[in-house]
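Everything on this sheet refers to the single structure shown next.
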Amino acid sequence: MNKKRVLVTGGAGFVGSHLVDALLHQGHTVRVYDNLTPQVHSDGLPGYFAQGVEFVEGDMRNPERVREAVRNIDVVFHLAAAVGVGQSMYEISHYMGANTQGTANLLQALLDTRCRVEKLIVASSMSIYGEGKYVCEACGEMAPPPRPLSQLKQKSWEALCPLCGSALKPVPTDESKPLQCTSIYALSKKDQEEMTLLFGRTYEVPVVALRYFNIYGSRQALSNPYTGVAAIFASRLINGNPPLVFEDGQQRRDFVSVQDVVAANLLAMERPQADGMALNIGSGQPITIQGVAEELAKALGTEVPAQITGKYRAGDIRHCFADISAAEKVLGYRPKVRFGEGIQELVQWLGSQKAVDRSAEAVERLTLYGLAA
Ligand code: UD1
């Protein structure tokens, strides 16, 4: 492939920085645009940030600065975003500003500067599905609405068939599942995805939206208590504390290694087949949250058992795991990292870090807003 001039927004972050390394490895020229948000980067530019990258410090909410960042660029990976489902429920205007308005600023900048990019790849999220896809034995395929608060208060966790009320069986979620956002974060991700795809159709710019499932791996920000559950549990175990498991721990997710996510991004850049599409990027392998806690304890060699709290978080879904057949077909995407191996990378990284455990603080904050009970 020809060498490109690539812009990675959010390139100092967890996924972005791994992508930057892979792009440099392929010989591309990379510019990173990142605001080094203190919640993630309490010590400024992270130690892992690659040499030989042009770094532009700036916020997606600053249109002038974004205009400078897109100058003379061939390919854009848009990864900059505020990421925290729980936090988004009480910092509504911050999330919509950084994610929705931030993406609007990027597209406006591309238009205003007549920057005709060859490809724009946007980080979307499984959160936009809300509940995953289910099957009711009596009624067939279902896309159930969020579980009502009254049900969660009774600690009845499984999603129920909206037609006959019986318990539903979760099945892999494909891209045709109706989108039913259950958090402000999800809504802002849906905006990002739809806005970029619409822009691509209108101005004939090849755009690909990648709907990530639960990404884990090295460089996941431990200082951020709203980071994914794998890093939160690992920090607690390292500090000798039991992972605090919401509901009954039997909720299922799809954990995908950051290495596989990077591979998907490179494929989306190189191949035209996915242009104009939104694709699931997961491992295709479901795992329960209790299973995650157990695998992590095993990898860390600790006996501390998880604490099943029976609490719930507002906006949480019960099950969602990916059907990745579309990405396999159009991109040739094949996840390579199994969870058991991938967490070794996470655990090694955690060993080199100050594993500050701020998860109790985060739960307290959510409780204060009535978002966890
Ligand atoms: C959400 C988003 C996803 C985003 C991810 C990380 C949805 C549907 N998905 O995923 O797009 O990438 O956050 O920001 O909104 N849990 C515990 N104990 C904890 C923390 C979490 O038991 O201390 C449980 C949660 O209740 C949930 C599961 O672990 O059932 C996964 O939580 P989390 O890692 O926050 O990710 P999701 O909510 O799946």
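Whatever order the structure lists ligands and atoms in, that order sets their numbers, starting from 1.
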One finds that the ligand 1 atoms under 4.0 Å from a non-hydrogen atom of Ser125 are 3 (C), 11 (O)
Heavy-atom side-chain contact between Tyr95 and Leu187 under 4.5 Å
no
If you measure from the Lys or Arg side-chain nitrogens to the Asp or Glu carboxylate oxygens, is any gap between Asp275 and Lys119 under 4.0 Å?
yes
Does Phe213 offer a backbone N or O that forms a donor-acceptor pair with the side chain of Asp254 under 3.5 Å?
no
Geometric N/O contact Ser183 with ligand 1, under 3.5 angstrom
no
Does the side chain of Met269 reach to within under 4.5 Å of the side chain of His28, using non-hydrogen atoms?
yes
For Tyr185, which part has a heavy atom under 4.0 Å from ligand 1: side chain, backbone, both, or neither?
side chain
Counting only heavy atoms closer than 4.0 Å, does ligand 1 sit against the backbone of Arg313, its side chain, both, or neither?
side chain
Could you tell me whether ligand 1 has any atom less than 4.0 Å away from a heavy atom of Ile289?
yes
Does any N or O atom in Phe246 lie less than 3.5 angstrom from one in ligand 1, N or O only?
yes
In the single-linkage hydrophobic clustering (I, L, V, M, F, W, Y; side-chain heavy atoms under 4.5 Å), do Ile287 and Ile317 co-cluster?
no
Have a look at ligand 1 and work out which part of Ser127, if any, has a heavy atom under 4.0 Å from it: side chain, backbone, both or neither.
both
Residue part near ligand 1, for Asn214, under 4.0 Å between non-hydrogen atoms:
side chain
Residue-level breakdown please: for Val229 versus ligand 1, do any non-hydrogen atoms fall below 4.0 Å on the side chain, on the backbone, on both, or on neither?
both
Counting heavy atoms only, which of Val245, Ile317, Asp316 comes nearest to atom 25 (C) of ligand 1?
Asp316
At under 4.0 Å between heavy atoms, is it the side chain or the backbone of Tyr312 that contacts ligand 1, or both, or neither?
neither
Same apolar cluster (I L V M F W Y, side chains within < 4.5 Å links), Tyr212/Phe77
yes
Answer yes when Lys169 and Glu137 have at least one side-chain N-carboxylate O distance shorter than 4.0 Å, and no when they do not.
no
Does Arg65 come within less than 4.0 Å of Glu68, counting only side-chain N to carboxylate O?
yes
If you count the atoms of ligand 1 from 1 in the order shown, which ones are under 4.0 Å from a heavy atom of Met126?
3 (C), 7 (C), 8 (C), 9 (N), 11 (O)
Compute the shortest N/O to N/O distance between Leu244 and ligand 1 and return yes if it is under 3.5 Å, no if not.
yes
Would you call Glu141 and Lys133 a salt bridge, taking side-chain N to carboxylate O under 4.0 Å as the test?
yes
Out of Gly132, Cys320, Gly84, Gly228, whose heavy atom is nearest to atom 6 (C) of ligand 1?
Gly228
Within the structure, is a non-hydrogen atom of Tyr212 found at a distance of less than 4.0 Å from ligand 1?
no
Test applied, salt bridge (Lys or Arg N to Asp or Glu O under 4.0 Å); reference residue, Asp248; option that passes from Lys311, Lys155, Arg318
Arg318
Would you confirm whether Glu175, through its side chain, and Leu279, through its main-chain N or O, come within 3.5 Å as a donor-acceptor pair?
no
Tell me whether Arg253 has any N or O atom under 3.5 angstrom from an N or O of ligand 1.
yes
Any atoms of ligand 1 less than 4.0 Å from a non-hydrogen atom of Val85? List them with their elements.
1 (C), 2 (C), 13 (O), 15 (O)
Could you list which atoms of ligand 1 come closer than 4.0 Å to a heavy atom of Ile232?
23 (O)
